There are 2 protein chains.
Amino acid sequence: MTDLGDALRARGRRLTTQRVRVLDAVRATGHASAERIAEQVARDGGPALPASTVYRSLEALQELGLVAHTHVDHRVPDYHLASHATHIHLVCRRCGHVDEVPVEVGAGFATEVAAQRGFAADLTHAAIHGWCAACAPERT
Amino acid sequence: MTDLGDALRARGRRLTTQRVRVLDAVRATGHASAERIAEQVARDGGPALPASTVYRSLEALQELGLVAHTHVDHRVPDYHLASHATHIHLVCRRCGHVDEVPVEVGAGFATEVAAQRGFAADLTHAAIHGWCAACAPERT
DNA sequence: TTGAATGCAAAAAATTTGCATATTG
DNA sequence: CAATATGCAAATTTTTTGCATTCAA
């Protein structure tokens, strides 16, 4: 919490209970859409927060590097703690099933793009689309 | 075109000029949002199509496996021909810059998830987020 | 005290849906 | 002819914005 306060103040921003609650909700959900995070916030006992505050808080937390998001689902972004236990999501294009593999599986790829382009790939929670074992055969 | 007609009929669906025009527009743009595809369709000489028809056509074309989409941008999906010359997008979390590397760079990763999970990763046009060479240093 | 953040309501952006009509096979 | 697809308008869904008020530093 003090970490959060310091990080915010270091950027001229402020520590508010709303931001703390949103961060806690992100932590509690693992990874979830803005809407589910808002629901989680409401469940922590305090008053519900308007969507605008949830979005603005998520944005602030992402700027601090404490939160990040990916596109597992094709519709809404999925927020998670930047430090959350990590994995790469394997999303089936056909049935939507989501499997996971540890980020280490992408280590070689990350090394390669770092070497080739100086790009620091963040594979934590990356979403890779394709066909799961069950659907691959159906792939016409 | 006949390919398209056959593919559609094989699934009990129909060949329409709208679907042909949308497919042509996807081809012409390389990869673009539904909105930009609609604009491209309008540019082909024929009458503009309502958004609903564009979306429904894109959906049909994706079901046939002729078109696919990814999330390069954080907002709207990006449609492209499934057969389009392929590359993996490296999207900078900080400045939004998009770089590309050939899919081959991900070959090892693809082999690995196929072996471990039977998952057929489609890395063509995949979007990987992280920090570009310019922004990596700033990463607080 | 004062600039940043919130809350609320309204607006915007993106996509979907209902349904009558038109078209394909 | 029968079933699918279109066009149009309205409805949804998700996110953003304006602005007066509140609150952290």
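Because the structure is predicted, anything quoted here is derived from the model rather than measured. A note on names: the letters A, B, ... follow the listed sequences, proteins ahead of strands, and every chain is numbered from 1.
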Check your understanding: Where do His129(B) and Thr70(A) land on the side-chain contact (heavy atoms from CB on, under 4.5 Å) test, with the steps shown first?
Key -> CA-CA 8 Å; His129(B) 299 264; Thr70(A) 46; 5.8 Å; no
Exercise for review: Report the residues that fulfil side chain to side chain contact (heavy atoms under 4.5 Å, CB included) with Ala32(B), sequence neighbours left out, ordered by chain and then residue number.
Suggested key: Thr29(B), Arg36(B), Ile37(B)
Review point. Does a nitrogen or oxygen in the side chain of Thr53(B) sit under 4.0 Å from OP1 or OP2 of dG7(D)?
Key: yes
**Study point:** Pairing residues for His80(A) by the ring pair (Phe, Tyr, Trp, His ring centres under 6.0 Å) criterion, not counting sequence neighbours
**Key:** His125(A)
**Study point:** Phosphate-side-chain proximity, Gln18(A) and dC23(D), N/O vs OP1/OP2 below 4.0 Å
**Key:** no
Review point. With a cutoff of under 4.5 Å between side-chain heavy atoms, which Ile, Leu, Val, Met, Phe, Trp and Tyr residues group with Leu123(A)?
Key: Ile88(A), Leu90(A), Val101(A), Val103(A), Val105(A), Phe109(A), Val113(A), Phe119(A), Ile128(A), Ile88(B), Leu90(B), Val101(B), Val103(B), Val105(B), Phe109(B), Val113(B), Phe119(B), Leu123(B), Ile128(B)
Check your understanding: For the pair made of NE2 in His69(B) and P in dA14(C), what is the distance, rounded to whole Å?
Key -> 15 Å
Revision key, fill the gap. Sequence neighbours excluded, the answer for side chain to side chain contact (heavy atoms under 4.5 Å, CB included) partners of Glu63(A) is Arg13(A), Glu59(A)
**Study point:** Within residues 105-118 of chain B or reaching into it, pairs that qualify as side-chain hydrogen bond (donor to acceptor under 3.5 Å, both in side chains) - sequence neighbours excluded
**Key:** Asp99(A)-Arg117(B), Glu112(B)-Gln116(B)
Study note, to complete from the structure: note: Leu23(A), atom CG; dA5(C), atom C1'; distance rounded to Å ~ 17 Å
Revision key, fill the gap. Of Gly12(B) and Leu49(B), the one whose nearest nucleotide on DNA chain D sits closer to the 5' end is Gly12(B)
Practice item. Return the set of residues passing side chain to side chain contact (heavy atoms under 4.5 Å, CB included) with Glu104(B) (not counting sequence neighbours), or none when no residue passes. Key: Pro102(B)
Study note, to complete from the structure: With sequence neighbours left out, the residues meeting side chain to side chain contact (heavy atoms under 4.5 Å, CB included) with Thr53(B) are Gln18(B), Leu49(B), Pro50(B), Ser57(B)
Practice item. Tell me who clusters with Val91(B), hydrophobic residues only, linked when side chains sit under 4.5 Å apart either directly or through other members. Key: Val72(B), Val98(B)
Study note, to complete from the structure: Atom CG of Leu8(B) and atom C1' of dA3(D) are separated, to the nearest Å, by 15 Å
Point to revise | Whole angstrom value for the distance that separates P of dA14(C) from CG of Leu58(B) | key: 15 Å
Check your understanding: Bend angle of the helix from dT1(C)-dA25(D) to dG25(C)-dC1(D) from five-pair axes at both ends, rounded to 10°?
Key -> 40°
Revision key, fill the gap. In whole angstroms, the gap separating C1' of dA4(C) from CG of Leu64(A) amounts to 14 Å
Exercise for review: Kindly determine whether Arg27(B) and Asp24(B) satisfy salt bridge (Lys or Arg N to Asp or Glu O under 4.0 Å), including the steps that lead there.
Suggested key: CA-CA 5 Å; Arg27(B) 184 166 17 236; Asp24(B) 287 344; 2.9 Å; yes
Point to revise | Arg11(A) CZ to dA25(D) C1', straight-line distance once rounded to whole Å | key: 18 Å
**Study point:** Counterpart residues, ring pair (Phe, Tyr, Trp, His ring centres under 6.0 Å), relative to His69(A) (two or more places apart)
**Key:** His71(A), Tyr79(A), His74(B)
Review point. How does each nucleotide of nucleotides 15-25 of chain C score, in 5' to 3' order, for protein heavy atoms under 4.0 Å: base (B), sugar-phosphate only (S), or none (-)?
Key: BBBB----BBS
Any N/O pairs under 3.5 Å between the protein and nucleotides 20-22 of chain D? List them or say none.
none

Study note, to complete from the structure: To the nearest angstrom, the CZ-C1' distance between Arg36(A) and dT13(D) comes to 17 Å
